[in-house]
Amino acid sequence: MLASAAVITVIAVSVVVVWRLLGGDDQTTAAGADGSWNEIALVNRTRGDVTTLNTNGERIAEFTGFTRVLDVHAEGDRIALVGPSEIFIGSLSTQSPVPTTQGSAGDSTSTTTSGTRLSGSLPSGFTSVPYVRGTDVTRLPIAGRLVLAIGDPLRGGNALIVDGESGLVIDVGALAGQANPVLFIDTIQFDPNGNWFALADAANFQTIVVHAIDEPTIEYFPDVPVAVSDELVVTSQVVGQRADVAFFNHGGTLLGSVSMAIPAGGVLTDDGLVVVSVDGDVSRVGGNLTKVAGLGTIDLPSGGVVQRVDPTARGTRLVVAGDTFQTVIDLTGAELVRATFDPTDSIAEPQPGWSCLPLGPTDSLETVVSLDDGTELANGLRLEVTDIAADGCTVMGTVGRDTTVISSTGTSRFGSTRSGSLSPDGATVLLVTSTAQIQLITIDGDQLSAPIDLTELSQPNTLDVAFLNR
């Protein structure tokens with residue numbers, strides 16, 4: 001058993017992303033991975049007002065009654081407006097019914113405000129989720145779903161899981177009956193469909209697993225979470241320089257265990273668990289879940305370690321990254337492509353449904369590669385990335401103050417701008433120009449449509465944008 005909350009935090013955070021149903025055939029894609037959309041939401045961050053437009057930039061509807069907006073998340077026709085201490089979730093349709101929001105124990109939760117709304121009442125179809133001011137609100141990368149996790153990733157505390165489609169709010173601490181929970185949202189593991197969630201409980205040195213369908217239920221397992229699926233719960237305990245990894249069913253029966261190098265992340269496949277260790281070892285645990293087979297070793301820079309492993313391309317590729325490198329491997333351990341960079345550079349977080357990868361630092365991107373074979377599809381001209389399409393293949397960014405979009409079909413340049421948003425299919429941009437005009441422009445190969453002027457519909461200096469599909 002681990003000795004302290006500090007230790008459980010460090011180890012759990014190192015095992016960051018493992019997903020996909022073991023033994024299943026689901027081929028779900030990342031949220032919006034097909035890039036389909038037919039409406040645009042213009043969000044005034046200061047007032048919280050929302051205006052929806054069709055693909056031609058024509059006004060559809062206006063919505064008021066929200067507070068100041070810090071962040072916006074969208075999926076399908078659902079949108080989440082994150083305020084300073086409450087989240088507004090709903091459908092931007094005047095015909096939508098108000099969703100039912102349930103507490104974790106099944107008690108009804110009021111849809112009244114938390115006292116921060118500037119004016120008015122919520123539009124029909126929206127509900128309010130209060131949360132503790134200053135805690136993090138993170139969208140989980142679940143295929144086709146809008147799911148938010150709320151909590152303090154540094155100090156721990158309570159954790160909320162919010163389903164943006166049903167309005168279900170799971171208060172994990174309350175569901176576990178804990179008056180002073182020490183839960184870390186950075187440790188959350190989930191299955192591809194967003195039905196199961198596992199996170200580290202540092203107060204009790206265990207893993208809490210929540211089944212988030214209808215009336216949420218809870219299970220407890222030893223040690224820290226590595227993965228969860230409809231069939232399995234995988235946990236890990238570090239012993240010296242190695243980890244004991246255990247496989248359980250949802251009834252709590254131990255199915256198998258192995259000792260292996262400390263995992264940094266990996267993916268559950270039909271053939272077992274493929275993991276990459278912090279030292280770069282690539283291994284597979286399969287068969288009866290009691291044997292480890294080595295698949296290879298990633299060549300790490302001197303003194304380097306693996307800091308994160310992101311499954312992508314529907315679970316068929318792993319993007320492995322450290323302070324100064326990023327590499328793509330397949331599930332046999334073979335390396336497809338690699339980039340190196342400075343320790344101060346940041347990289348894009350790969351999404352499950354991507355078929356391409358913006359490879360290397362996002363402040364000076366030079367290439368977009370195919371996740372199929374690692375070949376270069378586009379050259380970024382040292383692009384400072386500002387937005388990425390749903391499949392990862394089209395990237396928007398700036399070179400100086402000039403906005404540029406790159407893809408396998410070519411490069412489009414838009415001149416000096418203040419900000420820009422790229423549609424999920426990578427074929428439309430919404431720009432705020434250097435002269436404070438709001439423009440909607442369509443990209444067709446290397447041709448650009450005439451700009452549609454939307455300036456009168458919103459305030460350029462407080463604009464946020466979401467693309468919707470209803």
Side-chain angles (χ1 to χ4, degrees), residues 1-17 67 70-71 73 80-89 101-107 109-110 112-116 127-142 146-164 167-190 194 196-212 216-226 228 233 235-238 308:
M1 194 65 68
L2 299 179
S4 71
V7 172
I8 197 170
T9 304
V10 170
I11 299 306
V13 170
S14 73
V15 186
V16 283
V17 186
T67 186
L70 305 179
D71 203 359
H73 304 283
L81 306 173
V82 180
S85 59
E86 63 180 324
I87 303 168
F88 307 100
I89 298 179
T101 304
Q102 295 179 331
S104 59
D107 296 329
T109 300
S110 171
T112 57
T113 77
S114 63
T116 61
T127 187
S128 168
V129 179
Y131 71 98
V132 176
R133 184 185 292 266
T135 53
D136 283 5
V137 178
T138 302
R139 180 174 181 176
L140 301 180
I142 298 174
L146 176 55
V147 180
L148 305 177
I150 306 172
D152 188 331
L154 298 178
R155 295 174 296 180
N158 196 20
L160 301 179
I161 300 172
V162 182
D163 186 332
L168 182 69
V169 180
I170 302 174
D171 183 324
V172 180
L175 186 61
Q178 297 181 358
N180 297 295
V182 187
L183 307 171
F184 290 88
I185 61 170
D186 278 6
T187 70
I188 290 181
Q189 305 295 325
F190 42 84
W196 296 91
F197 299 87
L199 67 165
D201 172 11
N204 298 290
F205 310 108
Q206 64 183 353
T207 288
I208 291 178
V209 174
V210 177
H211 190 206
T217 58
I218 197 166
E219 300 175 303
Y220 303 94
F221 297 86
D223 307 319
V224 298
V226 173
V228 65
V233 177
T235 67
S236 174
Q237 178 184 180
V238 172
R308 62 176 299 123

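None of these values were measured; they are calculated from a predicted model.
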Novice: Roughly how far, to the nearest 0.5 Å, is CD1 of I185 from CG of L140?
Specialist: 8.5 Å
Novice: About how many Å separate CD1 of I208 and CG of N204, when rounded to the nearest 0.5 Å?
Specialist: 7.0 Å
Novice: What pairs of donor and acceptor atoms, side-chain ones from residues 175-183 against any protein atom, are under 3.5 angstrom apart with sequence neighbours left out?
Specialist:
unit_1	atom_1	unit_2	atom_2	d
Q178	NE2	D201	OD2	2.9

Novice: Indicate yes or no for a side-chain donor-acceptor contact from T207 to the backbone of F221 under 3.5 Å, with no hydrogens or angles considered.
Specialist: no
Novice: Spell out, as yes or no, whether a donor-acceptor pair under 3.5 Å connects the side chain of D163 to the backbone of L168.
Specialist: no
Novice: Looking at side-chain heavy atoms only, is the closest gap between L148 and I87 below 4.5 Å?
Specialist: yes
Novice: Working note: D223 + S236, criterion side chain to side chain contact (heavy atoms under 4.5 Å, CB included); need CA distance, chi angles, decisive distance, verdict.
Specialist: CA-CA 6 Å; D223 307 319; S236 174; 5.8 Å; no
Novice: What are the two closest heavy atoms between T187 and P225, and how far apart are they?
Specialist: O-CG, 3.7 Å
Novice: I need the minimum non-hydrogen distance between G151 and P153, along with the two atoms involved.
Specialist: O-CD, 3.4 Å
Novice: Is there a donor-acceptor pair under 3.5 Å between the side chain of Y131 and the backbone N or O of L160?
Specialist: no
Novice: State the CG-CG distance between L81 and D71, to the nearest 0.5 angstrom.
Specialist: 9.5 Å
Novice: Are side-chain heavy atoms of R139 and L146 found at a separation under 4.5 Å?
Specialist: yes
Novice: Is any side-chain heavy atom of V82 less than 4.5 Å from a side-chain heavy atom of H73?
Specialist: yes
Novice: Once rounded to the nearest 0.5 Å, what's the spacing between atom CG of D136 and atom CG of L154?
Specialist: 7.5 Å
Novice: F197 vs F190 aromatic rings, parallel, tilted or perpendicular, using cut-offs 30° and 60°?
Specialist: tilted
Novice: A side-chain contact here means heavy atoms from C-beta on lying under 4.5 Å apart; do E219 and W196 qualify?
Specialist: yes
Novice: Determine the minimum heavy-atom distance between A159 and L199, stating which atoms define it.
Specialist: CB-CD1, 3.9 Å
Novice: Could you state the interatomic distance from CZ (R155) to CZ (F184), rounded to the nearest 0.5 Å?
Specialist: 10.5 Å
Novice: With heavy-atom distances below 4.5 Å as the criterion, would you say the side chains of P222 and Q206 are in contact?
Specialist: no
Novice: Taking atom CD1 of I161 and atom CD1 of I170, what is their separation to the nearest 0.5 Å?
Specialist: 5.0 Å
Novice: Give me the atom names and distance for the closest heavy-atom approach of T67 to G83.
Specialist: CG2-CA, 4.1 Å
Novice: Measure from the side-chain N and O atoms of S85 to the backbone N and O of V132, and report whether any donor-acceptor pair falls under 3.5 Å.
Specialist: no
Novice: Can you tell me if T127 uses its side chain to pair, donor with acceptor, with the backbone of I89 under 3.5 Å?
Specialist: no
Novice: At their closest point, which heavy atom of I142 faces which heavy atom of G194, and how far apart are they?
Specialist: CG2-N, 3.7 Å
Novice: Can you find a pair of side-chain heavy atoms, one from V233 and one from V209, that are under 4.5 Å apart?
Specialist: yes
